[in-house]
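Comments concern the structure below.
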2 protein chains.
Amino acid sequence: MELEEPELREVPVTAVLAALADDVRLQIVRALAAGDEYACGTFELGVSKATRSHHLKVLREAGLTRTRVAGTSRYVRLRRDELDKLYPGLLDAVLTRSTAASNT
Amino acid sequence: MELEEPELREVPVTAVLAALADDVRLQIVRALAAGDEYACGTFELGVSKATRSHHLKVLREAGLTRTRVAGTSRYVRLRRDELDKLYPGLLDAVLTRSTAASNT
DNA sequence: GAGCTTGTTCGACTTCTGTCGAACAATGGT
DNA sequence: ACCATTGTTCGACAGAAGTCGAACAAGCTC
(Lines give C-alpha, C1' and ligand atoms only; values in the text may rest on other atoms or scores of the structure.)
Protein backbone atom coordinates (compact mmCIF):
# COMPACT_ATOMS: atom_id res chain seq x y z
CA MET A 1 0.00 0.00 0.00
CA GLU A 2 1.84 3.02 -1.29
CA LEU A 3 1.27 6.34 0.36
CA GLU A 4 0.38 9.03 -2.08
CA GLU A 5 2.85 11.86 -1.60
CA PRO A 6 2.86 14.05 -4.68
CA GLU A 7 5.51 16.47 -5.79
CA LEU A 8 4.58 19.81 -4.38
CA ARG A 9 5.05 21.46 -7.78
CA GLU A 10 2.36 19.26 -9.22
CA VAL A 11 -0.22 20.14 -6.65
CA PRO A 12 -2.46 23.03 -7.72
CA VAL A 13 -2.17 26.08 -5.52
CA THR A 14 -5.84 25.88 -4.81
CA ALA A 15 -5.40 22.37 -3.44
CA VAL A 16 -2.66 23.52 -1.09
CA LEU A 17 -4.77 26.42 0.10
CA ALA A 18 -7.86 24.28 0.43
CA ALA A 19 -5.92 21.82 2.53
CA LEU A 20 -4.95 24.62 4.89
CA ALA A 21 -8.42 26.13 4.93
CA ASP A 22 -9.83 23.91 7.64
CA ASP A 23 -9.63 24.28 11.39
CA VAL A 24 -8.88 20.68 12.15
CA ARG A 25 -6.14 20.50 9.57
CA LEU A 26 -4.70 23.78 10.73
CA GLN A 27 -4.50 22.31 14.22
CA ILE A 28 -2.54 19.42 12.79
CA VAL A 29 -0.21 21.66 10.82
CA ARG A 30 0.37 23.85 13.85
CA ALA A 31 1.21 20.81 15.95
CA LEU A 32 3.55 19.51 13.28
CA ALA A 33 5.26 22.87 12.94
CA ALA A 34 5.90 22.92 16.67
CA GLY A 35 7.80 19.67 16.65
CA ASP A 36 9.29 17.17 14.31
CA GLU A 37 7.42 13.95 13.84
CA TYR A 38 4.21 12.74 15.38
CA ALA A 39 2.28 9.51 15.35
CA CYS A 40 -1.21 9.99 13.98
CA GLY A 41 -2.80 9.07 17.26
CA THR A 42 -1.08 11.80 19.22
CA PHE A 43 -3.19 14.63 17.86
CA GLU A 44 -5.87 16.00 20.15
CA LEU A 45 -8.43 17.09 17.63
CA GLY A 46 -11.84 16.38 19.07
CA VAL A 47 -12.89 14.30 16.09
CA SER A 48 -13.19 10.58 15.50
CA LYS A 49 -10.23 8.62 14.28
CA ALA A 50 -11.93 8.14 10.94
CA THR A 51 -12.11 11.89 10.53
CA ARG A 52 -8.57 12.36 11.72
CA SER A 53 -7.41 9.83 9.19
CA HIS A 54 -9.31 11.68 6.51
CA HIS A 55 -7.68 15.01 7.33
CA LEU A 56 -4.23 13.52 7.42
CA LYS A 57 -4.88 12.08 4.02
CA VAL A 58 -5.94 15.45 2.66
CA LEU A 59 -2.77 17.04 3.99
CA ARG A 60 -0.61 14.29 2.60
CA GLU A 61 -2.20 14.38 -0.82
CA ALA A 62 -1.88 18.13 -0.95
CA GLY A 63 1.85 17.66 -0.56
CA LEU A 64 2.00 19.21 2.89
CA THR A 65 3.12 16.20 4.90
CA ARG A 66 5.13 13.04 4.65
CA THR A 67 4.24 9.84 6.39
CA ARG A 68 6.59 7.18 7.61
CA VAL A 69 5.21 3.77 8.43
CA ALA A 70 6.67 2.08 11.49
CA GLY A 71 4.99 -1.03 12.72
CA THR A 72 1.39 -0.32 13.41
CA SER A 73 1.98 3.40 13.72
CA ARG A 74 2.45 6.09 11.16
CA TYR A 75 4.59 9.10 11.78
CA VAL A 76 3.72 12.34 10.10
CA ARG A 77 5.84 15.39 9.53
CA LEU A 78 5.56 18.70 7.73
CA ARG A 79 7.33 19.14 4.42
CA ARG A 80 8.42 22.51 5.62
CA ASP A 81 11.54 22.95 3.52
CA GLU A 82 9.78 22.26 0.26
CA LEU A 83 6.84 24.35 1.30
CA ASP A 84 9.03 27.30 2.20
CA LYS A 85 10.91 26.98 -1.03
CA LEU A 86 7.86 26.86 -3.25
CA TYR A 87 5.63 29.15 -1.23
CA PRO A 88 7.94 31.39 0.75
CA GLY A 89 6.09 33.01 3.58
CA LEU A 90 2.93 31.00 3.23
CA LEU A 91 3.42 28.69 6.15
CA ASP A 92 4.79 31.38 8.40
CA ALA A 93 1.95 33.68 7.55
CA VAL A 94 -0.63 31.06 8.23
CA LEU A 95 0.94 29.72 11.39
CA THR A 96 1.74 33.05 12.98
CA ARG A 97 -1.76 34.19 12.40
CA SER A 98 -3.43 31.01 13.52
CA THR A 99 -1.67 30.82 16.84
CA ALA A 100 -2.67 34.39 17.54
CA ALA A 101 -6.15 33.85 16.20
CA SER A 102 -7.90 34.71 19.44
CA ASN A 103 -6.93 38.38 19.17
CA THR A 104 -9.28 41.08 17.99
CA MET B 1 -26.98 48.91 1.35
CA GLU B 2 -23.70 48.74 3.21
CA LEU B 3 -20.93 46.62 1.78
CA GLU B 4 -19.60 44.17 4.26
CA GLU B 5 -15.87 44.75 4.50
CA PRO B 6 -14.59 43.26 7.74
CA GLU B 7 -11.39 44.06 9.55
CA LEU B 8 -8.84 41.60 8.30
CA ARG B 9 -7.86 40.75 11.87
CA GLU B 10 -11.34 39.54 12.57
CA VAL B 11 -11.51 37.20 9.65
CA PRO B 12 -10.48 33.65 10.57
CA VAL B 13 -7.39 32.45 8.78
CA THR B 14 -9.36 29.58 7.38
CA ALA B 15 -11.79 32.01 5.76
CA VAL B 16 -8.95 33.89 4.09
CA LEU B 17 -7.42 30.68 2.83
CA ALA B 18 -10.77 29.31 1.71
CA ALA B 19 -11.40 32.51 -0.21
CA LEU B 20 -8.13 31.99 -2.07
CA ALA B 21 -8.69 28.29 -2.60
CA ASP B 22 -10.76 28.63 -5.73
CA ASP B 23 -9.67 28.98 -9.31
CA VAL B 24 -12.14 31.64 -10.29
CA ARG B 25 -11.34 33.75 -7.26
CA LEU B 26 -7.65 33.28 -7.81
CA GLN B 27 -8.13 34.60 -11.34
CA ILE B 28 -9.77 37.66 -9.87
CA VAL B 29 -7.04 38.18 -7.29
CA ARG B 30 -4.38 37.79 -9.94
CA ALA B 31 -6.08 40.35 -12.12
CA LEU B 32 -6.43 42.73 -9.19
CA ALA B 33 -2.80 42.29 -8.23
CA ALA B 34 -1.75 43.18 -11.75
CA GLY B 35 -3.49 46.54 -11.69
CA ASP B 36 -5.22 48.87 -9.37
CA GLU B 37 -8.94 49.05 -9.56
CA TYR B 38 -11.37 47.18 -11.77
CA ALA B 39 -15.07 47.33 -12.38
CA CYS B 40 -16.76 44.03 -11.64
CA GLY B 41 -17.77 43.57 -15.24
CA THR B 42 -14.25 43.72 -16.59
CA PHE B 43 -13.23 40.28 -15.39
CA GLU B 44 -13.08 37.55 -17.98
CA LEU B 45 -13.95 34.55 -15.90
CA GLY B 46 -16.08 32.29 -17.99
CA VAL B 47 -18.89 32.23 -15.48
CA SER B 48 -22.26 33.91 -15.30
CA LYS B 49 -22.56 37.33 -13.74
CA ALA B 50 -24.43 35.80 -10.81
CA THR B 51 -21.46 33.57 -10.11
CA ARG B 52 -19.01 36.41 -10.58
CA SER B 53 -20.97 38.47 -8.12
CA HIS B 54 -20.89 35.59 -5.68
CA HIS B 55 -17.13 35.23 -5.88
CA LEU B 56 -16.54 38.92 -5.47
CA LYS B 57 -18.71 38.79 -2.39
CA VAL B 58 -16.68 35.94 -0.95
CA LEU B 59 -13.46 37.86 -1.52
CA ARG B 60 -14.89 41.01 -0.02
CA GLU B 61 -16.26 39.28 3.05
CA ALA B 62 -12.98 37.49 3.58
CA GLY B 63 -11.37 40.90 3.85
CA LEU B 64 -9.38 40.54 0.65
CA THR B 65 -10.93 43.31 -1.38
CA ARG B 66 -12.58 46.68 -1.07
CA THR B 67 -15.39 47.84 -3.24
CA ARG B 68 -16.17 51.36 -4.26
CA VAL B 69 -19.59 52.17 -5.64
CA ALA B 70 -19.68 54.64 -8.51
CA GLY B 71 -22.91 55.06 -10.33
CA THR B 72 -24.09 51.76 -11.61
CA SER B 73 -20.62 50.25 -11.45
CA ARG B 74 -18.60 48.89 -8.60
CA TYR B 75 -14.86 49.12 -8.52
CA VAL B 76 -12.91 46.45 -6.73
CA ARG B 77 -9.35 46.49 -5.49
CA LEU B 78 -7.06 44.27 -3.48
CA ARG B 79 -6.38 45.17 0.14
CA ARG B 80 -2.78 44.37 -0.51
CA ASP B 81 -1.16 46.49 2.17
CA GLU B 82 -3.26 45.07 4.95
CA LEU B 83 -2.85 41.59 3.59
CA ASP B 84 0.91 41.90 3.40
CA LYS B 85 1.04 43.30 6.89
CA LEU B 86 -1.07 40.60 8.48
CA TYR B 87 0.04 37.71 6.30
CA PRO B 88 3.49 38.61 5.03
CA GLY B 89 4.39 36.47 2.08
CA LEU B 90 1.00 34.92 1.64
CA LEU B 91 -0.14 36.88 -1.36
CA ASP B 92 3.25 36.79 -3.04
CA ALA B 93 3.51 33.07 -2.48
CA VAL B 94 0.10 32.42 -3.89
CA LEU B 95 0.37 34.79 -6.83
CA THR B 96 3.86 33.80 -7.91
CA ARG B 97 2.85 30.20 -7.85
CA SER B 98 -0.46 30.65 -9.56
CA THR B 99 0.91 32.58 -12.50
CA ALA B 100 3.45 29.82 -12.99
CA ALA B 101 0.86 27.13 -12.40
CA SER B 102 1.19 25.58 -15.83
CA ASN B 103 4.70 24.32 -15.09
CA THR B 104 5.41 20.74 -14.15
C1' DG C 1 -2.88 -18.07 17.03
C1' DA C 2 -5.64 -15.01 19.98
C1' DG C 3 -6.17 -10.67 21.16
C1' DC C 4 -4.80 -5.85 21.40
C1' DT C 5 -3.39 -1.54 19.18
C1' DT C 6 -3.14 1.64 15.42
C1' DG C 7 -4.92 3.29 11.32
C1' DT C 8 -7.55 3.02 6.97
C1' DT C 9 -11.61 2.28 4.23
C1' DC C 10 -16.55 2.04 3.53
C1' DG C 11 -21.18 3.51 3.35
C1' DA C 12 -24.34 6.96 4.98
C1' DC C 13 -25.65 11.33 6.20
C1' DT C 14 -25.56 16.46 6.45
C1' DT C 15 -23.83 20.71 5.35
C1' DC C 16 -21.37 23.76 2.40
C1' DT C 17 -20.18 25.55 -2.08
C1' DG C 18 -20.27 26.67 -6.98
C1' DT C 19 -23.26 27.29 -10.62
C1' DC C 20 -27.13 29.06 -13.25
C1' DG C 21 -31.33 31.72 -14.94
C1' DA C 22 -34.65 34.83 -13.61
C1' DA C 23 -36.20 38.52 -11.02
C1' DC C 24 -35.03 42.67 -8.83
C1' DA C 25 -32.60 47.26 -7.67
C1' DA C 26 -30.18 51.32 -8.68
C1' DT C 27 -28.29 54.52 -11.80
C1' DG C 28 -27.66 57.06 -16.06
C1' DG C 29 -29.03 58.66 -20.59
C1' DT C 30 -32.26 60.11 -24.03
C1' DA D 1 -40.81 58.70 -18.09
C1' DC D 2 -38.71 54.95 -20.40
C1' DC D 3 -35.24 52.04 -21.35
C1' DA D 4 -30.50 50.20 -21.18
C1' DT D 5 -26.63 49.03 -18.23
C1' DT D 6 -24.52 47.12 -14.20
C1' DG D 7 -24.78 44.33 -10.33
C1' DT D 8 -27.13 41.84 -6.58
C1' DT D 9 -30.34 38.57 -4.70
C1' DC D 10 -33.27 34.55 -4.92
C1' DG D 11 -34.47 29.89 -5.47
C1' DA D 12 -32.87 25.58 -7.27
C1' DC D 13 -29.75 22.20 -8.19
C1' DA D 14 -25.49 19.17 -8.38
C1' DG D 15 -21.34 17.96 -6.60
C1' DA D 16 -17.86 18.28 -2.98
C1' DA D 17 -16.49 17.99 1.77
C1' DG D 18 -16.68 16.91 6.82
C1' DT D 19 -18.39 13.76 10.07
C1' DC D 20 -19.43 9.36 12.18
C1' DG D 21 -19.69 4.26 13.41
C1' DA D 22 -18.58 -0.09 11.84
C1' DA D 23 -15.88 -3.16 9.42
C1' DC D 24 -11.44 -4.21 7.94
C1' DA D 25 -6.14 -4.61 7.64
C1' DA D 26 -1.63 -4.93 9.45
C1' DG D 27 1.60 -5.35 13.18
C1' DC D 28 2.85 -6.34 17.81
C1' DT D 29 2.80 -9.24 22.19
C1' DC D 30 1.92 -13.03 24.93
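Letters A, B, ... mirror the listed sequences (proteins, then strands); counts begin at 1.
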Q) Does R68(B) have any salt bridge (Lys or Arg N to Asp or Glu O under 4.0 Å) partners at least two apart in sequence or in another chain, and if so, which? A) E37(B)
Q.
Between E5(A) (side chain only) and T67(A) (backbone N and O only), is there a donor and an acceptor less than 3.5 Å apart?
A. yes
Q) Do R74(B) side-chain atoms and Y38(B) backbone N/O form a donor-acceptor pair below 3.5 Å? A) no
Q | Check: L26(B) and V94(B) side chains under 4.5 Å, non-hydrogen atoms | A | yes
Q: Verify, without hydrogens or angle tests, whether R80(A) (side chain) and L32(A) (backbone) share a donor-acceptor contact under 3.5 angstrom.
A: no
Q) Where along residues 36-44 of chain B does a heavy atom fall under 4.0 Å from DNA chain D? A) A39(B), C40(B), G41(B)
Q) So, T96(B) side chain and A93(B) main chain: donor-acceptor pair closer than 3.5 Å or not? A) no
Q | Heavy-atom check, side chain of K49(A) versus side chain of H54(A), under 4.5 Å | A | no
Q.
Could you work out how much the helix from dG1(C)-dC30(D) to dT30(C)-dA1(D) bends, comparing the axis of its first five pairs with that of its last five, to 10°?
A. 20°
Q. With a 4.0 Å cut-off, would you call R79(A) and E7(A) a salt bridge?
A. no
(Q) How many whole angstroms separate atom CD of E4(A) from atom P of dT8(C)? (A) 14 Å
Considering only nitrogen or oxygen atoms on both sides, find all protein atoms under 3.5 Å from nucleotides 26-30 of chain C and state each distance.
none

Which pairs of donor and acceptor atoms, one on a side chain in residues 85-92 of chain B, lie under 3.5 Å apart (sequence neighbours left out)?
none

Q: Can you tell me the distance, in whole Å, between the NZ atom of K57(B) and the P atom of dT6(D)?
A: 22 Å
Q: Pick out which of L56(A), V58(A), L59(A) makes a side chain to side chain contact (heavy atoms under 4.5 Å, CB included) with L64(A).
A: L59(A)
Q: Please state whether the phosphate of dT8(D), meaning OP1 or OP2, lies under 4.0 angstrom from any side-chain nitrogen or oxygen of R74(B).
A: yes
Q: Ignoring backbone atoms, establish whether S73(A) has a side-chain N or O less than 4.0 Å from OP1 or OP2 of dG7(C).
A: yes
Q: Could you state whether Y75(A) and I28(A) fall into the same hydrophobic cluster, counting links through intermediate Ile, Leu, Val, Met, Phe, Trp or Tyr residues with side-chain heavy atoms under 4.5 angstrom apart?
A: no
Q | Rounded distance (nearest 0.5 Å) linking atom CD of E4(A) with atom NZ of K57(A) | A | 7.5 Å
(Q) Run the salt bridge (Lys or Arg N to Asp or Glu O under 4.0 Å) test on R52(B) and E44(B) for me, step by step, so that the C-alpha distance in whole Å, both residues' side-chain angles and the decisive distance to 0.1 Å come before the verdict. (A) CA-CA 10 Å; R52(B) 181 192 60 201; E44(B) 289 284 343; over 6 Å; no
Polar atom pairs between nucleotides 15-21 of chain D and protein, under 3.5 Å, N or O only, would you list them?
residue : atom : partner : partner atom : Å
dG18(D) : OP1  : R25(A)  : NH1          : 3.1
dG18(D) : OP1  : R25(A)  : NH2          : 2.8
dG18(D) : OP2  : H54(A)  : NE2          : 3.1
dT19(D) : OP2  : H55(A)  : NE2          : 2.4
dC20(D) : OP2  : S48(A)  : N            : 2.8
dC20(D) : OP2  : S48(A)  : OG           : 3.3
dC20(D) : OP2  : T51(A)  : OG1          : 2.8

